[in-house]
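The structure under discussion appears below in the form of structure tokens.
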Number of protein chains: 2
Amino acid sequence: MDKNTALQVFEALSSGLRLDVFRLLVQAGPAGRVAGEISTALDIPPTNLSFHLKGLTQAGLVTAEQEGRFQRYRANIPLMVDTIGFLTDNCCGEGVSCELTGIAQGVCKS
Amino acid sequence: MDKNTALQVFEALSSGLRLDVFRLLVQAGPAGRVAGEISTALDIPPTNLSFHLKGLTQAGLVTAEQEGRFQRYRANIPLMVDTIGFLTDNCCGEGVSCELTGIAQGVCKS
DNA sequence: ACAATACTTCAACTTTTGTTGAAGTATTGA
DNA sequence: TCAATACTTCAACAAAAGTTGAAGTATTGT
């Protein structure tokens with residue numbers, strides 16, 4: 001993953017509201033959720049939700065599919081996994097840190 | 001890791017400038033870098049760098065240590081690893097996505 | 001002591017982001 | 001067809017973030 005893509009993901013996740021939306025969609029699985037459901041579940045006014053869904057979509061973190069008059073949103077898990085890959089590549093610098101923490105074993109290249 | 005901490009990390013990494021600084025410090029390893037070195041290496045005016053280093057420090061992503069008249073900064077790798085943990089916990093929802101991509105094997109709980 | 005160095009804080013400004021209500025588009029059910 | 005529903009776009013504003021030059025603080029070398 002290139003730096004710019006990672007940057008867009010971080011930017012998208014840097015709002016509590018957008019993070020909540022993304023987590024809801026991850027939890028929703030392949031079914032996703034239509035905008036109205038998200039709006040109700042998280043108590044966000046439709047106008048504002050639309051604004052943030054646009055941001056998440058532009059970052060690639062969620063996909064949008066029209067379904068009649070509904071708009072169904074789904075989390076883009078592969079992009080999230082790539083982002084995790086980007087972070088491991090940029091935090092396990094000398095192959096030292098992974099052994100130290102023991103959390104990210106198996107992910108880091110060293 | 002709680003949501004708020006993760007949020008602060010994402011916010012800190014959502015600027016290309018700060019991401020560059022953090023990556024430089026990761027690469028620098030335990031030695032870290034003093035502010036002037038970062039300023040020169042990345043060609044950022046000291047005033048502006050100071051502003052962004054403050055952001056990174058407040059997010060906990062870097063630590064600052066005074067060293068005579070120098071200020072030495074180091075990357076906080078454990079926090080980054082925790083952040084990766086937060087992401088895996090929030091992207092590998094139903095234990096489905098990990099098998100699918102194969103990248104994050106060994107990290108996800110499922 | 002004092003000038004130089006290293007860095008930060010401050011003040012002013014520009015830019016970007018976030019929020020809301022009103023209006024717009026598209027689809028659906030009666 | 002027409003009103004209701006679902007959602008988005010628009011316009012206006014409020015709030016936050018980013019940038020820069022000038023001034024401030026602290027440490028060092030002479």
Checklist entry - Where does the chain A footprint on DNA chain C start and end, counting 5' to 3' with a 4.0 Å heavy-atom cut-off? => result C:dG18 to C:dT28
Next on the checklist: Please check if the number of heavy atoms outside B:Asp2 that lie under 6.0 Å from its CG is greater than 12.
Outcome noted: yes
Checklist entry - Do A:Val21 and A:Phe51 share a hydrophobic cluster (ILVMFWY, side-chain heavy atoms under 4.5 Å, transitive)? => result no
Item to check | A:Arg33 and A:Arg72: CA distance, side-chain angles, deciding distance, side-chain contact (heavy atoms from CB on, under 4.5 Å) verdict | outcome: CA-CA 5 Å; A:Arg33 290 276 183 271; A:Arg72 185 164 296 274; 5.5 Å; no
Checklist entry - Taking CD from B:Gln66 and C1' from D:dT28, how many angstroms apart are they, rounded to a whole number? => result 12 Å
Next on the checklist: Between B:Gln58 (side chain only) and B:Gly55 (backbone N and O only), is there a donor and an acceptor less than 3.5 Å apart?
Outcome noted: no
Item to check | Minimum heavy-atom distance B:Leu19-A:Phe10, with the two atoms named | outcome: CD1-CE1, 4.3 Å
Checklist outcome for this item: Rounded to whole Å, the NZ-C1' distance (B:Lys54 to D:dT19) equals 15 Å
Checklist entry - Base, sugar-phosphate, or nothing: which does B:Arg72 touch, judged by heavy atoms less than 4.0 Å apart? => result nothing
Checklist entry - Between atom CD in B:Gln71 and atom P in D:dT27, what is the gap in whole Å? => result 11 Å
Item to check | Atom-to-atom span, CG of B:Asn48 to P of D:dG18 - whole angstrom | outcome: 9 Å
Next on the checklist: Looking at D:dG29, I'd like to know if its phosphate oxygens (OP1 or OP2) sit under 4.0 Å from a side-chain N or O belonging to B:Arg69.
Outcome noted: no
Item to check | B:Leu53 CG - D:dT19 P separation (whole Å) | outcome: 13 Å
Checklist entry - So what does B:Leu17 touch, heavy atoms closer than 4.0 Å: a base, only the sugar-phosphate, or nothing? => result sugar-phosphate
Checklist entry - How far does CG of B:Leu13 sit from CD of B:Gln8, to the nearest 0.5 angstrom? => result 12.0 Å
Next on the checklist: Just the rounded figure in Å: distance from P of D:dA17 to CG of A:Leu7.
Outcome noted: 16 Å
